[in-house]
2 protein chains.
Amino acid sequence: MNKRQADTIAEQIEERIFDGSFAHGDRLDEVRLAEQFGVSRTPIREAIQRLALSGLVELIPRRGAFVRQPGPVELIEMFEVMAELEAVCGRLAARRISDAALTELAEANRKCQQAVAQKDADSYYLENEHFHRIIYEQSGNGFLAQEAAKLHKRLQPFRRLQLRFRGRMAQSMAEHESIVQALRSGEAERAANVLRDHVAVQGEKFHQLMANLKNTPG
Amino acid sequence: MNKRQADTIAEQIEERIFDGSFAHGDRLDEVRLAEQFGVSRTPIREAIQRLALSGLVELIPRRGAFVRQPGPVELIEMFEVMAELEAVCGRLAARRISDAALTELAEANRKCQQAVAQKDADSYYLENEHFHRIIYEQSGNGFLAQEAAKLHKRLQPFRRLQLRFRGRMAQSMAEHESIVQALRSGEAERAANVLRDHVAVQGEKFHQLMANLKNTPG
DNA sequence: GTCAATGTTTTTGTATACAAGATTTCAATT
DNA sequence: AATTGAAATCTTGTATACAAAAACATTGAC
């Protein structure tokens, strides 16, 4: 599939928003970006349109495009929704999951634990995402899986922060174990509840972190 | 807020997709649309970009934009997700709903029943949407409310079909009653379950309808 | 010194022009 | 007659040009 310039540009701008190169409130100057990417304004505008739709950018008519990082309140809301989506995926997956997927899930979890033991943050994220993605897909509902993956991706950069909490990774691994067990034994409601809490605690930890950062000078 | 041409054009094309003027697989010809709307290709392209992001249109590079109506499977999946989203909204709203919203809800329900009695389909839809939207918003989670409303809107045209079932409207009204009761008494789980079933049954009815249509010649 | 008004400069939104890839047509060959 | 290949045509993607609105600055009045 031959990509358009607008596609790659959108991804790159998105990347810069995620990694903080663009902060909240920054205006995306079309001509400036056009120069930077060595293209005309047209593909830049297309890229901005997409970012606007995905919510990373606010488009004010006749004024321009402004980077819109979600504030603490919206983030907590998003984590709450993520928790509920995962719970639904888990409830459905408990009834529908295949044996192959169950072993794949255990394998992903094993690699996850290994990454934790080696303090390899990057591969931890990779395997953790894989773990969750399996559950999304085993919900047997492609639309749900897609929506869950989309929100997961959007929250990914913020998830990273909660790593800082001592012992969180170990606890997280224990939760993964419970999840696998519940899915294996087909306990729909337990799978839902464990998954919901597993994600919700991330939101709470994040909340705490925000509060701490606010109270800590410098 | 001063709208751009691209905004209104996107809405109009969306409308035509919903009402069936554009069928699945139709290509959206840029020059043709530009002529029809009396503008240049630029705003048309912007509009198409948006529709692509919302999933109503598939964008194939160097080939064009094609209308993509969801098939039966995807529709059932979407209804399932809608049911779960409503359930979540209900569970949260049962704890968070305000007294003012409760009376507003009862009022919307009353108008809904009135519309049913008068067989006024249009105002039924209007009031039904209002009823559900109140619940979304009373979840206390703006992000969730937004997502729920978005999916609700996308399913709206298909919801219309299930009207054909005899007695469905009356049953639906009874379900609304149960929902209001559960929310009023703060029974979170019951609110969730009633709402889930209320929406899920629509998906099932829709499923039946599809099967019937397939078996019925002409 | 402050504020308002007006003119200048940016910047967005739209139109048009151009280039490259896709599709169609039509003829030539098997 | 069917198939292949090349030319012609159409369509998308990108660049540039232009118009209108918003931001900015300068000047003048109080």
Side-chain angles (χ1 to χ4, degrees), chain A residues 1-18 20-70 150, chain B residues 1-18 20-70 150:
Chain A
M1 203 223 267
N2 207 357
K3 272 192 202 174
R4 283 175 278 227
Q5 294 184 333
D7 276 304
T8 67
I9 290 169
E11 284 169 19
Q12 290 193 46
I13 295 178
E14 188 178 288
E15 197 54 39
R16 293 204 205 169
I17 293 176
F18 281 156
S21 301
F22 286 122
H24 179 84
D26 283 4
R27 184 172 128 267
L28 296 178
D29 190 317
E30 295 178 1
V31 294
R32 208 178 148 70
L33 288 169
E35 283 172 15
Q36 280 186 23
F37 285 100
V39 298
S40 83
R41 274 175 56 215
T42 311
I44 300 289
R45 280 177 66 81
E46 281 199 14
I48 288 177
Q49 289 283 326
R50 304 200 185 188
L51 298 175
L53 263 292
S54 67
L56 280 97
V57 155
E58 188 176 10
L59 223 53
I60 303 177
R62 289 263 169 221
R63 299 285 297 277
F66 297 85
V67 176
R68 207 178 97 64
Q69 298 275 28
K150 194 159 50 170
Chain B
M1 205 221 267
N2 205 359
K3 273 193 201 174
R4 284 175 279 226
Q5 294 184 331
D7 276 303
T8 65
I9 290 169
E11 284 168 20
Q12 291 192 46
I13 295 178
E14 189 178 288
E15 198 53 38
R16 292 203 205 170
I17 293 176
F18 281 157
S21 303
F22 287 121
H24 179 84
D26 283 4
R27 184 170 127 268
L28 296 178
D29 191 316
E30 295 178 0
V31 294
R32 209 177 146 71
L33 288 169
E35 282 170 16
Q36 280 186 23
F37 285 101
V39 299
S40 82
R41 274 175 56 216
T42 312
I44 300 288
R45 281 179 65 82
E46 281 198 14
I48 288 177
Q49 289 284 325
R50 303 199 188 189
L51 298 176
L53 263 293
S54 67
L56 280 94
V57 154
E58 189 177 9
L59 222 56
I60 303 178
R62 289 258 168 228
R63 298 284 297 277
F66 298 84
V67 175
R68 209 179 96 63
Q69 297 276 26
K150 193 159 51 171

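Side-chain atoms are counted along with the backbone in the values below, which use heavy atoms only and exclude waters and symmetry mates. Order of the sequence lines fixes the chain letters, A, B, ..., with proteins taken first and strands second; residue numbering starts at 1 for each chain.
- Look at B:S40 and you'll find a side-chain N or O under 4.0 angstrom from OP1 or OP2 of C:dA15.
- Nearest heavy atom pair, residue A:A10 against residue A:L51, reads O-CD2, 3.8 Å.
- In this structure, A:L33 places its CG atom 14 Å from P of D:dA15, rounding to the nearest Å.
- Listed pair B:R41 / D:dG13 fails the phosphate criterion, with no side-chain N or O lying under 4.0 Å from OP1 or OP2.
- Remark: P of D:dT11 and CD1 of B:I48 are 13 Å apart, rounded to the nearest angstrom.
- A donor-acceptor pair is defined here as one N or O able to donate and one able to accept, closer than 3.5 Å; no such pair exists between the side chain of B:E30 and the backbone of B:G64.
- The side chain of B:R45 sits closest to D:dG13 out of D:dG13, C:dT14, D:dT11.
- Look at CD on B:Q49: it is 16 Å from C1' on C:dT14, rounded to the nearest Å.
- In the set D:dA15, C:dA17, C:dA22, C:dA22 carries the atom at the smallest distance from any side-chain atom of B:R63.
- Not one side-chain nitrogen or oxygen of B:R32 sits closer than 4.0 Å to the OP1 or OP2 atom of D:dT11.
- Of the candidate nucleotides C:dT12, D:dA15, C:dG21, D:dA15 has the atom nearest to the side chain of A:V39.
- Summarising the geometry, atom CD1 belonging to B:I44 is positioned 5.0 Å from atom CG belonging to B:L33; distances are rounded to the nearest 0.5 Å.
- Across the protein-nucleic acid pair, A:E35 atom CD and D:dT16 atom C1' stand 15 Å apart, rounded to whole Å.
- Of all heavy-atom pairs spanning B:A6 and B:A47, the tightest one is O-CB, 3.7 Å.
- With respect to A:Q49, the side chain to side chain donor-acceptor pair (under 3.5 Å) criterion is satisfied by exactly one of B:Q49, B:E46, B:R45: B:E46.
- Taking every side-chain heavy atom of A:T42 into account, D:dT16 is the closest of D:dT12, C:dT11, D:dT16.
- The distance from atom CZ of B:F66 to atom C1' of D:dT11 is 11 Å, rounded to the nearest whole Å.
- Atoms CD (B:E30) and P (C:dA17) sit 17 Å apart, rounded to a whole Å.
- Rounded to whole Å, atom P of C:dA15 lies 9 Å from atom CD1 of B:I44.
- Distances shorter than 4.0 Å separate some side-chain N or O of B:Q5 from OP1 or OP2 on C:dT14.
- In this structure, the CG atom of B:D29 is 18 Å from the P atom of D:dT9, given to the nearest Å.
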